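Chain letters run A, B, ... following the sequence lines, proteins first, then strands; residues in each count from 1. Since we're looking at a predicted model, the values are computed, not measured.
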Amino acid sequence: MPDITLPDGSIKNFDKDVSIADVALAIGSGLFKVAVAGCIDGVLYDTSHIIKNNIKLSIITSQTDEGVQIIRHSTAHLLAHAVKQLYPKVQVTIGPVIDYGFYYDFATSEPFTPEDLTKIENKMQELVKKDIPLIRTEMNLTDVIDYFNGINETYKTKIIADLDKNQPISLYTQDDFTDLCRGPHVPSTGFLGHFKLTKIAGSYWRGDSNNEMLQRIYGVAFSHKKQLKQHLNKLDEAKKRDHRKLATALNLFHLQPESPGMVFWHNDGWIIYNIIVDYIRKILNEKNYTEVRTPEMVDRSLWERSGHWDKFKEQMFTTSVENREYAIKPMNCPCHIQIYNTTLTSYKDLPLRMAEFGSCHRNEPSGTLHGLMRLRNFIQDDAHIFCSKEQISSEVLAFIDLVYEVYRHFGFNEIEVALSTRPAKRVGDDKIWDEAEKALEDALQKKQIKYEIKPGEGAFYGPKIEFSLKDCLDRVWQCGTMQVDFSMPGRLDATYIDKNGDKKTPVMLHRAILGSIERFIGILIEHYAGKLPFWLAPVQVIIANISEQQQDYASEILQELKKLNIRAKSDFSNEKISYKIRKACNNKTPFMMIIGDKEMESGTITARSLSGENKEFSSVKDFKIFG
RNA sequence: GCUGGUGUAGCUCAAUCGGUAGAGCAGCUGAUUUGUAAUCAGCAGGUCGCGGGUUCGAUUCCCAUCACCAGCUCCA
């Protein structure tokens, strides 16, 4: 005879054991219709779960986050169900929930086609209409293995092998389809329906590229049609922000097959590039960095000593000249140590901060190249800080502040931070790694920054803090980084003289704020949908005349703007003003100054912002950005 | 690198069930002299990604290759 306490504190009493669904119905039929699960003591259960004891219960509806997660999970099962009905030979593997939806990996010799996707989607809708109940059963391990072997689902038996052998294993059955699953699930397929299959792709069994390839189907799912529609619209909008499309439209750069992963910067793109470099250079000067420039191509022997030849060889471009083998630099660090080593350094000189806008080449796998985001040649706002162990903490802390300051200046507030720890392929002993990882972790905790730990993802010479930004399709790209390196200075014989006159090996901090300048520009373009803020816009002002009579006067205005270091251009073409405005808007130029007889007579200027707002100024000198 | 898809004019996209391609925008020329998101007309523009094969004939079919797109794996 359970007493059930609801979240509002009220207690429902029942004279017999009840299911969560019964409780929902007792509260109201409206709630019953949207109840997808129940939560007891923080654990989620199906609505069919029978309650025997006095407990606290909250009903999970399709309106809540948890409810939507369950809907997505059940939709993945629905997808597998539909696929099995249409293609009985296909084997099912796993189907987890992801942001906005789900995917399901299938093992099949015949890959799915886009036409299949439509067919599968229709079949899924058919199953939704039938409102098939999802029934949970439990079995012991051997029975489950027998069952899946019996229906020739060998991947399922492999998954079961990894499960806890002492726990009963739960299965969910909908009609003729049964899947291994922890649950919970919606009561019946009628709770689903607001989904769309979005893409087909290959994936590896257990995420290992040595394993066989599976066929993955991605989908999005929501509890309401409106949300699904909104999401699909958002994706469409996001595609319009794609930096590759915008860069073509705005004539910023291009890529071509003869040099995959390497950029041809056009004038306007290169202007943006230089503005960014100038800004960073100014910041570095304030923060007491020096700037250097080192060779692009260095003899193999240096890379052997630095450890790159051993750990990084596949990703380096090499070339031979006069029987000597060279590598085009993938990183600047060994070269910076060469400069460091040319002078005898005292502990008083530390920390020594050496920056370079260094061009790096890395032989990235062809399938990973992606616009400006993933290139084979890019320039980093790289620097190496040579310091003593005692100085690590303050340098890392100062750098974290600097990263946030710079990102804010560019208009970014959403920054993801991760700590990547020692990889399998590495140099330096574990004691050194312990110290290095701790140094970074302490700094993050001191700054009270939320971060994710990525085990095994550090650089081969040291752990790193990663600062990442998202692109328009929510893909995360690492930009800034701070890496502690106790190994390379020693390998390349860097030393300093300490207080007692003894030779010591400095610690080296590898750090970049923007990371790759190219990638950062890609993210900027998408972040602003091409409408860069005034200080970054390659063309800041377009002067347009109404008719030919004002052309000379407009030319004078143009010259005045240029004298004020404003990047201005003219549009004196034989077009109507509305056409010129349209053109400037399409080019995302922040301001126009339209010169007609009125302006010529009064000597004033009227500026028009990209959003269409007009403001009058008494002279060019008085012009201030607005809007 | 792996799986699947795509590749036609500067851009966005048609067409040809095998008979060497067409539109809009951009460009150029001319007319128009215009007041806040497209004035009109004309012209020019393509070895149909590159290389083979089949065929009387290939942009179209087949093979190979390169690049791009999506995802996976990787990623400093």
If I pick the [atom1] atom on [M] and the same atom on [N], what distance separates them, to the nearest angstrom?
N	M	atom1	result
B:G57	B:G1	P	36 Å
B:G22	B:A31	P	31 Å
B:A21	B:G27	P	27 Å
B:U12	B:C74	P	33 Å
B:U60	B:G19	C1'	11 Å
B:A38	B:C2	C1'	47 Å
B:C11	B:C17	C1'	30 Å
B:G18	B:C62	C1'	13 Å

Heavy-atom donor-acceptor pair, A:Arg72 side chain to A:Ile98 backbone, under 3.5 Å: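 Checking the backbone N and O of A:Ile98 against the side chain of A:Arg72, no donor-acceptor pair under 3.5 Å is found.
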Any donor-acceptor pair under 3.5 Å linking the side chain of A:Gln315 with the backbone of A:Glu364?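 Checked: no pair found.
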Does [X] reach a base, just sugar-phosphate, or nothing at all? Heavy atoms under 4.0 Å.
X	value
A:Asn614	base
A:Phe378	base
A:Tyr461	nothing
A:Leu255	nothing
A:Glu575	base
A:Lys580	nothing
A:Ser209	sugar-phosphate
A:Gly207	sugar-phosphate
A:Ile577	sugar-phosphate
A:Glu258	nothing

[options]: which one has an atom nearest the side-chain heavy atoms of [X]?
X	options	answer
A:Thr368	B:G35, B:A67, B:U73	B:U73
A:Cys585	B:A37, B:C72, B:G35	B:A37
A:Lys576	B:U34, B:U36, B:U73	B:U34
A:Lys583	B:G27, B:G35, B:U36	B:G27
A:Met213	B:G4, B:U36, B:C72	B:C72
A:Ser578	B:G35, B:A38, B:G71	B:A38

Would you say the side chain of [X] and the base of [N] hold a donor-acceptor pair, judged only by whether the two atoms sit under 3.5 Å apart?
X	N	answer
A:Glu599	B:G35	yes
A:Arg244	B:C69	no
A:Gln215	B:U3	no
A:Arg374	B:C74	yes

Determine the minimum heavy-atom distance between A:Pro334 and A:Met331, stating which atoms define it.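 Looking at all heavy atoms of both residues, the closest pair is CD-O, 4.2 Å.
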Search all heavy atoms of A:Gly515 against all heavy atoms of A:Asp381 and return the closest pair with its distance.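 That closest heavy-atom pairing would be N-OD1, 3.0 Å.
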Within the 3.5 Å criterion, strictly below it, is a donor on A:Glu356 or A:Thr294 matched to an acceptor on the partner's side chain?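 Yes, A:Thr294 and A:Glu356 have a side-chain donor paired with an acceptor closer than 3.5 Å.
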Can A:Gln483 and A:Thr481 be counted as having a side-chain donor-acceptor contact under 3.5 angstrom?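 Side-chain D/A pair, A:Gln483 to A:Thr481: present.
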Mapping A:Thr248 and A:Gly458 to their closest nucleotides on RNA chain B, which lands nearer the 5' end?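 Mapping each residue to its closest nucleotide by heavy atoms, the 5'-most match is A:Thr248.
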Closer to the 5' end of RNA chain B via nearest nucleotide, is it A:Gln478 or A:Gly612?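 Nearest-nucleotide comparison on RNA chain B picks A:Gly612.
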Would you mind pulling out the nucleotide paired to [N], Watson-Crick or G-U wobble, both distances under 3.5 Å?
N	result
B:G22	B:C13
B:A38	none
B:C43	B:G27
B:C2	B:G71
B:A64	none
B:U55	none

Starting at [atom1] of [X] and ending at [atom2] of [N], how long is that distance when rounded to a whole Å?
X	N	atom1	atom2	answer
A:Asn586	B:U36	CG	P	18 Å
A:Asn587	B:U36	CG	C1'	17 Å
A:Leu372	B:C75	CG	P	22 Å

May I ask you to say whether A:Asp162 pairs ionically with A:Arg206, meaning some side-chain N is under 4.0 Å from a carboxylate O?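 Judged by the 4.0 Å cut-off on N to carboxylate O distance, A:Asp162 and A:Arg206 do form a salt bridge.
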Is any side-chain nitrogen or oxygen of [X] closer than 4.0 Å to OP1 or OP2 of [N]?
X	N	answer
A:Arg475	B:G71	yes
A:Arg216	B:A70	no
A:His370	B:A70	yes
A:Tyr204	B:C74	no
A:Tyr579	B:A26	yes

Going by ring-ring contact (aromatic ring centres under 6.0 Å, His included), A:Tyr273 matches just one of A:Trp265, A:Phe357, A:Phe253. Which one?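 So, applying the ring-ring contact (aromatic ring centres under 6.0 Å, His included) to A:Tyr273 and each of A:Trp265, A:Phe357, A:Phe253, only A:Trp265 qualifies.
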Option among A:Glu599, A:Lys580, A:Gln550 that satisfies the side-chain hydrogen bond (donor to acceptor under 3.5 Å, both in side chains) test with A:Asn545: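 So the option named by the test is A:Lys580.
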